[in-house]
Structure formats: C-alpha cells, structure tokens
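Worksheet: the structure to be examined is printed underneath.
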Amino acid sequence: MWLIISEAAEELFEVSVWPDQAFVKYGQSLMVNCSTTCPDPGPSGIETLLKKTRVGKGPQWKEFLLEDVTQNSIVQCFFSCAGIQKDIILGITVYQPPEQVIMELQPAWVAVDEAFLVTCRVPSVTPLEDLTLTLLQDSQELHKKNFRTLSAASQRAEITINAKAQMEDDRCNFSCRAELDLSSRGGGFFHNSSATKVLRIFEFSQSPQIWMSSLLEVGMADTVSCEVARVFPAEEVVIHMFLGDQELSPFLSWEGDTVWANATVRATETGDQEVSCLVSLGPVEQKTREPVHVYSFPPPVLEIEELYPLAGTDINVTCSGHVLTSPSPTLRLQGVPDLPLPGEPAWLLLTTREEDDGRNFSCEASLEVQGQQLSKTTVIQLHVLYKPRLEESGCPGNQTWLEGMEQRLTCVPKGNPMPILMCTWNGTIFDLEVPEKATQNHSRTYCCTATNQLGSVSKDIVVIVQGLDEGVGSTIFIIIIVALGVGIITIALYLNYRQKERNKEEESQFAVQQAEKFNVRHCDLEPDIWLKATSTPGVSSGREEGIKEKGRDSPLCSMVP
C-alpha cells in the first residue's frame, strides 16, 4: 500500500529551476530559483561547487545567489515530497567576450624579401570553441581561423601567419577581428577588433660613401658629400654628418633609390681629423668614416716698395711665405730665374720704365702636404707714372679725310696718369668725340696738347680733305695695279710648269735612245727609267704597276720586245 502511495506522490509533483539555461559572464553572479508543485514539500535545496547563499524562500520555492562564477558548472536543484525526492540539473556556461584583441607585427620594420610574422591573440575569451579570429590586410581578409575542434579548443586564442616582405606592402594596415557567437547556445553575439598596425618595408643593403678631398685648408669652406644607394624608401632616410665632434648641416636630395647629402665644412684646427656620415632608416643605422688632414697655407706675401713710382725709379719687389705656413714653402718670383734658399724670400731690384706700367708681378708659393703638391699665387700690378706722349702710331701727324664723309680727328695720347687731350685750331677747341662731315674748310693744321700731373706735350696734325672723285680714282688705280700683279704672277707660274714637263719628256726620249743604241731589253733597265721611257706622262696603267711591283721577274717583261 505504501509503495502505491509513493508512486502516486512522485507522479503528482514536479521540480523546476529558473533560469532553465544559464550564461554567466566570467566572475559575475547568478540568481537561481528552485521550485516544486508539491503542496507540502520536505527537505529541499541545491547542490553545487560554487559559493552559494540562500536569499529567499517560500513554501514551495527557494532562491540562491551563486557568486564569482569563473568556470562552467552544474547545479542540482532537488525537492522531496511524501518521502520521494526529485531533482533537476541546471548547466551553467561561463563566457568571456573578446574585450581585448591584440595585433602584433614582428618586426614592425622588415627588410625587403625578409620574413615577418603577423599575430592576433585574445588574452581572455570563453568559450574558445565559439570564437573566430580573422586577420585583415587593409580591408582584405587575409586569414580566418575558428576553434571548434577539441584540439583547437585546448589551444590559446591566437592566430599567426608567416609572410615575405615586398616593397608594395610598405605602409599596409594589418588588423584583427574577434567574434564570439553564442547564438547556437541561446546566448548573444560578441565582437571586437584590434588596433591597426602599419607594416614598414625597407631596403638598406649598401654602406654609405663619403666624397671629399683628403685635404682641408683651415678656415676655408669646402664641400663634403655622403651618398647611399639602393635604399627604400629614399625620402625617409636621415643623414647626420660630422667633422670630428662638430655636427654639420647637410642638405638632402634623392632620386630613385639613391640619396645624397651635401654639407659645407670649415675646419678651425690643423691636424688629422675625421669626417663621418651616419645614415639611419627605421631601426637600421650605418656609419662611414673618412680621415682628413687639415693644413694651413695662406697665400704668399708680395710687396712692392712703391706701387706708383716715377719712370726711372729703383724699387724692390719681395716675395715671401706667410708666417702661418708650415713648413716653409718654396717661393718663385716672376722675373727671378733662381729659387731662394728654403725659408728665405725672393726679391728683385727693378728700375722702372714706361713700358712697366700695368705690369703684373706674381709671387708663387709651393707646399707639399700629405704627398700632394699645392701652390698659391699672389699678383700685384705695378703702375709707373710718366709724362704724356703723342706717338705717331696713336696720333698721326698727317691725316686724310674724304669730303662729305663723317670724320673724326684721330689722336690717342699715352701717359700715366691718363692725360687730358685738347685740340685747337686758331684758338677754337675741336671736339674729338663728335664726328663732323668733312669739307674743304677742314683742311688745316690742328694743335693737340696732352696734359697730366707730370707735364704736357703738344703736336701739330695736318688734315687734308680729299674730294670724292680723287678718292674713287685712287681706288681704281690701286685695283688695276693689283690685277696686273696677279696676272703676271699667274703667267710666270704657268711657264715654269710647262718647262718642267718639257724636261721630263726629253729625259724619257734620251733613255729610249740609249736602250736601242746598246741593244738591250727594256726590262733590263731600272724600272723607274723604263717606265719614264715607255709611258705617257700623266697616265698610269696596270702594266706599269706590275713592273713596279715585280721588276724584271714580271711576266709583262716577256711581252716587251
């Protein structure tokens, strides 16, 4: 009888739990309500490994708070009724959405044709089997991975690909998208994306080259250049240049995959120093050094005792090395054939003449530095002062003008300082700069006077104005004389040429007569004589060439009687 009652009671009551499906975010709490239809239930409660706290109860229900849920769990809710116990199981699924998605490029700067890694990982995500990771290059899907299999679920939430760097990949954007889809379990859909990473591609395979002179003169500006070839991207190259510890200010330019840096260098101290060029691109740096020797070599000192002496004055010209030049240079003074002893100046005692006015004196110093022969020259011009002169070459005493033509009186004086020239006629000053139309009234004698600080000189100039007919007649006469001269010379040359041709013919006839007289074969004669005797002047033939080439052995000789 008791057994029948128990079975009836078991069938008459139910046990239920709320919620019937539980998704709990990692570390959060869950409220669970257990209830029954038994009108007078007996012992009841829940069994779980989670921390639980009863927060409420009623005749047919109990409510519990499950705290700090960090892993998937099972909760057993039970009630007893009339000595019969029933229970129901609630499965709790813990999830953690992809709140942090990390994108990594290793390395961030990659050399051309070198391998690099693209990695996407999610540090904390649950359940892993519902996660999908997608790698993106710009907006294009590069690789996709899910973790549905058991073996994948045991792995970390990570995806990695290996790629080779190409120039066209420079500045590509890489990102990662993580998606947690719990919809098949009755849950939600969660997604997140990483920050974008920019991939940089570079090429830097050659060392920089420094172009400069191995010698620098102290205090003098010079140019130093640094060049690096086969570099990409060229516009992002950074170049620093130094002379010792002194940083220079280079100007950069590039074309294609080559970059140049030019800088002005000015050394302040003598001795051995070093020029360096530091080139950097992304994470890579290369440095090149070149030695340089700094020397001091000022121009030599040229001294003239008097730069403006009077003609006939004795002056000393001295050529010496500068005191800052070390070692002492070799000196040469123009006009002095012998070289002075080392360290001694070169000098010249000169008696000035008018012809020395405007003469340049040069002092040349030679110095050997690091095996290179250097030279510097100082030049000074001498100015000799002398009285005015009116020479015939520059101021002719007789001048002929053509009537009706624009004419100007020709008179250029010499002297230093430059003389002032004044020409007069009958007390009237004649303007030398303005040309005048020549008339018979200009046929007269002018008086020209040249004056400077040292004195003056005068000269009479006779001007004859010639009529236009006279000028034309004189010109025609000159043309006739020239034509007659050319004709006579042409006739003489022609007669000389004919005489030479006549002499050649007489020599040929004489040779033939001698050959016939002594009954000899033509080929027994010397080839040149025979050819003269048998050939027509001015005409060449193969027969002549054959005899010249083979002489008496020529087969042509057998054809000649």
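The first residue of the sequence shown is numbered 1, and numbering continues consecutively from there.
Side-chain contact between Gln209 and Thr288 is absent, with no heavy atoms from C-beta onward closer than 4.5 Å. The closest side-chain heavy-atom distance from Leu136 to Asn173 is not below 4.5 Å. Residues Asp357 and His383 are in side-chain contact: their nearest non-hydrogen atoms beyond the backbone lie under 4.5 Å apart. Here the side chains of Phe202 and Trp109 are in contact, with some heavy-atom distance below 4.5 Å. The shortest distance between side-chain heavy atoms of Ser366 and Arg332 does not fall below 4.5 Å. The shortest side-chain heavy-atom distance between Val112 and Ile201 falls under the 4.5 Å cut-off. Taking 4.5 Å as the limit, some side-chain heavy atom of Glu217 sits within range of a side-chain heavy atom of Tyr295. Side-chain contact between Val369 and Phe297 is absent, with no heavy-atom pair separated by less than 4.5 Å.
A salt bridge does not link Lys197 with Glu104: none of the charged nitrogens is closer than 4.0 Å to a carboxylate oxygen. A salt bridge is defined here as a Lys NZ or Arg NE, NH1 or NH2 lying under 4.0 Å from an Asp or Glu carboxylate O, and Lys459 with Glu391 fails to meet this definition. Between Asp170 and Arg200 there is a salt bridge, since at least one side-chain N of the basic residue sits less than 4.0 Å from a carboxylate O of the acidic one.
With hydrogens and angles ignored, the 3.5 Å screen pairs no side-chain donor or acceptor of Glu236 with any backbone N or O of Leu281. Asp138 contributes no side-chain N or O that, together with a main-chain N or O of Gln140, makes up a donor-acceptor pair within less than 3.5 Å. Side chain of Arg266 to main chain of Met220: no donor-acceptor pair is present (N/O by atom type, distance under 3.5 Å, no hydrogens or angles). Side chain of Ser175 to backbone of Thr196: no donor-acceptor contact under 3.5 angstrom is found. Arg408 places a side-chain N or O within donor-acceptor distance of the main-chain N or O of Glu433, the cut-off being under 3.5 Å. A side-chain donor-acceptor contact under 3.5 Å links Ser296 to the backbone of Leu324.
Between Gln166 atom CD and Cys172 atom SG the span is 11.0 Å, to the nearest 0.5 Å. Taken from CG in Asp356 to OG1 in Thr313, the straight-line distance is 11.0 Å, to the nearest 0.5 Å.
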Would Arg359 and Leu350 count as a side chain to side chain contact (heavy atoms under 4.5 Å, CB included) here? Give the steps.
CA-CA 12 Å; Arg359 177 179 175 182; Leu350 176 70; 3.8 Å; yes
Using the disulfide (SG to SG under 2.5 Å) rule, take Cys363 and Cys319 through it: C-alpha gap first, then chi angles, then the decisive distance, then the call.
CA-CA 6 Å; Cys363 171; Cys319 170; 1.8 Å; yes
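Judged by distance alone, the side chains of His442 and Gln407 never bring a donor and an acceptor atom under 3.5 Å apart. For the 3.5 Å distance criterion, the side chains of Thr352 and Glu306 fail to qualify, holding no donor opposite an acceptor. A side-chain donor from one of Ser207 and Gln286 sits under 3.5 Å from a side-chain acceptor of the other.
Taken together, the cysteine pair Cys411 and Cys423 keeps its SG atoms at least 2.5 Å away from each other.
Heavy-atom neighbours of Leu349 CG from other residues, nucleotides or ligands within 6.0 Å: above the threshold of 12. For CD of Glu355, the number of neighbouring non-hydrogen atoms (other residues, nucleotides, ligands) closer than 6.0 Å is greater than 12. For Met103, the CE atom is densely surrounded, since the number of other residues' heavy atoms within 6.0 Å is greater than 12. Applying the 6.0 Å contact sphere to CE of Met167 captures more than 12 heavy atoms from other residues, nucleotides or ligands. Atom CH2 of Trp254 sits in a sparse spot, with 12 or fewer heavy atoms from other residues, nucleotides or ligands closer than 6.0 Å. For Asp245, the CG atom sits in a loose shell: 12 or fewer heavy atoms of surrounding residues, nucleotides or ligands are nearer than 6.0 Å. The local environment of CG in Leu310 is crowded, with over 12 non-hydrogen atoms from other residues, nucleotides or ligands closer than 6.0 Å. Environment of CD in Glu168: crowded, with over 12 heavy atoms of neighbouring residues, nucleotides or ligands closer than 6.0 Å.
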